[in-house]
Amino acid sequence: MASNAAVPFWRASGMTYITYSNICANLVRNCLKEPYKTEALSREKVHFSISKWTDGKPEKPTLRSDSPEE
Amino acid sequence: MLRRASMLLARRPILAARARPFSTDLPAAPSADATFTEAWTKVIPNMDPPKTPLSFMQPRPPTPSSIPSKLTVNFVLPYASELATKEVDMVIVPATTGQMGVLPGHVATIAELKPGVLSVHEGSEVTKYFVSSGFVFIHANSFADIIAVEAVPLDRLDVNLVQKGLAEFTSKLSSATTDLEKAEAQIGIDVHSALNSALTG
């Protein structure tokens with residue numbers, strides 16, 4: 001088994017395949033023509049609420065609606 | 001010591017002969033477990049036994065003995081199914097090892113895709129999509145599953161944005177310091193040059 005096989009450049013710099021794939025997809029979406037571009041970018045928006053826990057109790061949750069980061 | 005070595009060598013071929021078959025050669029798993037349904041009907045004769053996920057799935061068609069005339073393609077994206085069991089003559093996929101043409105009867109292969117153009121040939125019509133990345137699984141029974149994260153028909157791409165992006169990432173590569181930045185800039189260059197050649201080629 002080739003365990004020292006040439007790895008792709010993105011894995012050599014510590015990036016995982018999912019990160020690479022998401023970056024490629026975002027770049028392609030940014031090159032779309034207008035109505036399709038806003039559709040694609042809005043399809044990928046996420047909304048989530050995060051609450052940190054300390055001493056077994058949740059603190060006040062924060063609502064985030066970032067566009068997904070790579 | 002030499003006698004032990006020759007005994008071990010003699011033993012290997014026997015093990016290889018009893019090796020397990022590849023999963024592609026096995027018959028499809030039965031969709032209902034007979035022992036479970038019998039036990040169920042014994043205890044609860046009035047209710048139907050519950051369906052398992054396997055019974056909702058269609059089993060993969062077996063590998064025919066002669067090469068079929070059409071390739072069946074399933075092309076899926078995370079948010080939509082572009083082609084579902086569509087019978088075509090050929091697809092050309094942008095694998096990392098180069099443009100790969102898939103005809104009916106292609107050997108079973110798993111290939112990783114690089115950003116590039118996927119073309120579906122059916123009769124005299126060709127439909128092209130630009131695929132950002134993904135995988136293609138070609139099964140021995142002439143079924144091809146293409147999964148991509150983002151795939152757009154070429155006419156939805158804007159040439160000016162592509163060229164602007166290419167220039168931007170080329171300059172980012174020269175100004176990049178950490179490995180990660182260099183990798184990101186390189187990815188940008190790869191994707192934009194693939195987009196460029198898809199639109200101009």
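What you see is a predicted model; the values in this text were computed from it and never measured.
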Quiz item: Can you find a heavy atom in the side chain of B:Val136 that is under 4.5 Å from one in the side chain of B:Ile110?
Solution: no

Looking at side-chain heavy atoms only, is the closest gap between A:Lys37 and A:Arg29 below 4.5 Å?
no

For residues 156-166 of chain B against chain A, heavy atoms under 4.5 Å, the residues are B:Arg156, B:Leu157, B:Asp158, B:Leu161, B:Val162

Would you tell me whether A:Thr16 and A:Thr19 have side-chain atoms, one donor and one acceptor, within less than 3.5 Å of each other? yes

- [ ] State, without any angle test, whether A:Ser21 and B:Ser133 hold a side-chain donor-acceptor pair at a distance under 3.5 Å.
- [x] yes

Could you check if a side-chain atom of B:Glu150 sits within less than 4.5 angstrom of a side-chain atom of B:Tyr79, using non-hydrogen atoms only? yes

Within residues 112-132 of chain B, the residues sitting under 4.5 Å from chain A by heavy atom, in sequence order, are B:Glu112, B:Pro115, B:Phe130, B:Ser132

Validation row: A:Glu59, A:Ser51 side chains within 4.5 angstrom (heavy atoms): no

Sub-4.5 Å side-chain heavy-atom contact between B:Ile147 and B:Phe137:
yes

Answer key: most heavy-atom pairs under 4.5 Å with chain B among A:Ala40, A:Ser13, A:Pro35 is A:Ser13

Interface check, chain A: of B:Asp179, B:Ile187, B:Leu180, most non-hydrogen pairs under 4.5 Å belong to B:Ile187

Pair count under 4.5 Å, heavy atoms only, with chain A: among B:Val152, B:Thr178, B:Thr96, highest is B:Val152

Residues 174-201 of chain B vs ring-ring contact (aromatic ring centres under 6.0 Å, His included), sequence neighbours excluded, gives B:Phe169-B:His192

Honestly, the part of B:Leu195 sitting under 4.5 Å from a heavy atom of chain A is side chain

Note to self: Donor-acceptor pair, distance only, cut-off 3.5 Å: does the side chain of B:Ser142 make one with the backbone of B:Gly105?
What the structure shows: yes

- Determine whether B:Lys172 and B:Glu168 make a side-chain contact, defined as any pair of heavy atoms from C-beta on separated by less than 4.5 Å. yes

For residues 23-42 of chain A, the ring-ring contact (aromatic ring centres under 6.0 Å, His included) pairs (sequence neighbours left out) are none

